[in-house]
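First comes the structure, then the notes that go with it.
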Amino acid sequence: MSGPVPIANSLEDIYTPDALSTQQKRWNNLLSKFESTYGHQPEFVSRSPGRVNIIGEHIDYSLYSVLPMAITADTIVAVSTHLLAPKEGTFRIQIANVQDSKFKAREFDILYDSVDIDSTVHEWTNYFKSGLRGALELLRKKHGADFKPKSMQILMDGTVPAGGGLSSSAAFVTASALAVMAANGEQTVDKKELTELAIVSERAVGVNSGGMDQSASVFSERGSALFVSFNPTLLARPVSFPPTSPELTFLIAQSFVTADKFVTGPIHYNLRVVECTLAAAYLNAVLNPPGTLLPGDASPLGVSLHGFHETYFTLAEHNNSQKPKSVSEQLEHLLQLTKQTLTKEEGYTRSEIASVLGLSSEDEFNQKFTSRFPVRAERFKLRQRAIHVFSEALRVLKFMDLLENSSPQEGKGDEFNSQLGALLNETQDSCRETYECSCEEIDRICAIARKAGSYGSRLTGAGWGGCSVHLVPADKVDAVQEALEKEYYSQLELSEEQREGAVVVSKPGIGSALYLGGKGGLA
Ligand code: NG1
């Protein structure tokens, strides 16, 4: 389902009818604010949405498939190129945000071939710059090394809550990269190229991210979830939920615990990426023949649990040992092997891992695994992380099997939905107990929602706060919302705006688009 990013001629091409009037006001505000800031209208607007992940948590960076969907909340970036470069060999970026008191306007003069990003500072425009850097690399590949980027004036507006687990960063980076491509004359932007460049460039901001968010943000289609696989190459295809009675809805509930991946990376997100990579290297060293190298791949540190999985069974096949036939059987087998091999519940020290991997010193260990982004840990919980990854990959396959190979009969909708929900609940258990990426507030929200009628409830996105997703029968949505209000939100001090956005019922939305404002353009 690759192909070019769609060109929208009206907001109806982007939003569902229920969202149109709010979005119309918001877009009008963006366009008029652009004019008051820069003195003329923008030439176009690029747009990319946030996403909610239905199932497949913390396994994209181990290159296992995931099932997210795009939501209505998004980043919109209005652009004009009516700006002169300050001097030969440079281009100028003027960038502002609709929320200008929170996100200060900036101006940068940039050399043609070097976009500097200081990932040690937490600065909102870094996300734009990382999209810019990735897009310029692609443009240079297409047009040659002496390609001259256009100067740009930009106004951005984002409605995906930052640190809320709905991937505001991927929405911003992909919308920015798309804006840079279009500003430089590329109105036909390939979805796969855009996604791949956004995955790599977002890592420049300081997080070892996987590729789920950018894929969901770019590829999603209205009315469908998106099955994304990363190996051997990035593939995304829409998947629909069979109609059931009662109808199934996706409810997204904020915890209002802000989980900032950038700030907590060394003990949370980036540490998990390192632990999974170490688990792959350790299992390879112990279970594969001496000297076996893991294949290099597109995961953040270049080798992954998926790479170990493939190597292990390929070698087993060559040695004529019995290879489990289906991927599900292979994952079951790997779960058993992990439990037998990685026995230390308390985790492994650097020197224990270094000696199994045959590394000469802890320095070599640090150089190989923790120099890209710093992590803080005495012990690495390889057993728990590998168990989560293999079991979660298996749950995604079971969920897909239910969606694609069963047609719930009349009167059986409730049973079918309960099976889907049970898998979500298992994911939450694994995230809480084994991957340790939940938090007390999310656990509480899930318990309240289940009691009020949700089939399945769990954290969505990186976790440690942020958002939760709930599969709720349409006739129980009000009950779940009321219970959350009474038992959770009423105990927090929330602004009017936060209260309104605390729980949303979301329909799967469309991915990235370029808006040219009808035949005459915006101007
Ligand atoms: P969030 O923090 O929700 O955007 C992050 C990663 C994903 C994935 C999930 C966990 C980034 C940009 N996104 O999502 O790739 O690994 O955590 O499943 O880092």
Side-chain angles (χ1 to χ4, degrees), residues 48-71 73 75 119 126-127 130-131 134 158 160-177 195-196 198-218 226 228 230 234 236 252 254-255 257-265 268-277 298-301 304-306 372-373 385 388-389 392-393 395-396 424 427-428 430-431 435-439 442 458-469:
S48 278
R51 62 95 190 95
V52 61
N53 187 19
I54 301 168
I55 194 157
E57 216 58 90
H58 282 281
I59 58 171
D60 59 344
Y61 48 83
S62 292
L63 302 190
Y64 284 102
S65 307
V66 294
L67 189 72
M69 69 181 207
I71 55 174
T75 294
S119 70
N126 276 358
Y127 293 94
S130 76
V160 191
L166 297 176
S167 211
S168 54
S169 55
F172 193 9
V173 173
T174 45
S176 301
T195 307
E196 284 175 341
I199 294 172
V200 174
S201 42
E202 194 167 333
R203 293 185 187 148
V205 190
V207 175
N208 263 330
S209 63
M212 163 170 71
D213 305 348
Q214 299 82 356
S215 308
S217 190
V218 174
L226 193 78
V228 187
F230 303 98
L234 178 70
I252 302 171
Q254 287 285 343
S255 67
V257 175
T258 305
D260 192 323
K261 279 204 302 304
F262 176 84
V263 177
T264 61
H268 288 157
Y269 193 88
N270 287 342
L271 176 58
R272 292 294 178 275
V273 175
V274 168
E275 287 175 314
C276 288
T277 313
S299 62
L301 293 172
S304 65
L305 280 167
H306 189 279
R372 203 175 136 77
F373 295 114
R385 308 320 178 216
H388 168 79
V389 171
E392 181 70 355
R395 281 186 285 276
V396 173
L424 259 64
T427 294
Q428 176 61 19
S430 184
C431 283
Y435 214 67
E436 298 174 280
C437 61
S438 188
C439 65
I442 292 273
R458 65 174 206 83
L459 67 85
T460 185
W464 296 286
C467 244
S468 56
V469 62

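Because only heavy atoms are used, hydrogens play no part in the values below, and waters and symmetry mates are left out as well, while side chains stay in. Counting starts at 1 for both ligands and their atoms, in listed order. Note that the coordinates shown come from a computational prediction; the quantities given were computed from them, not determined experimentally.
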request  = Take the angle between the ring planes of His58 and Tyr269 and call it parallel below 30°, perpendicular above 60°, tilted in between.
outcome  = tilted
Qualifying residues under side chain to side chain donor-acceptor pair (under 3.5 Å), relative to Tyr435, sequence neighbours excluded = Tyr61
note = Arg458 meets the salt bridge (charged side-chain N to carboxylate O under 4.0 Å, His left out) criterion, sequence neighbours left out, with Glu57
ask   = Can you name the closest pair of heavy atoms from Gly211 and Ile199 and give their distance?
value = CA-CD1, 3.6 Å
key: Non-neighbouring partners of Glu392 that pass salt bridge (charged side-chain N to carboxylate O under 4.0 Å, His left out), sequence neighbours left out   = Arg395
ask   = With a 4.5 Å limit on heavy-atom distance, are the side chains of Arg51 and Gln214 in contact?
value = no
task = Identify, chain by chain and in numerical order, each protein residue with a heavy atom under 4.0 Å from an atom of ligand 1.
result = Arg51, Glu57, His58, Asp60, Tyr61, Gly165, Ser167, Ser169, Glu202, Val207, Ser209, Gly210, Met212, Asp213, Lys261, Tyr269, Gly461, Ala462
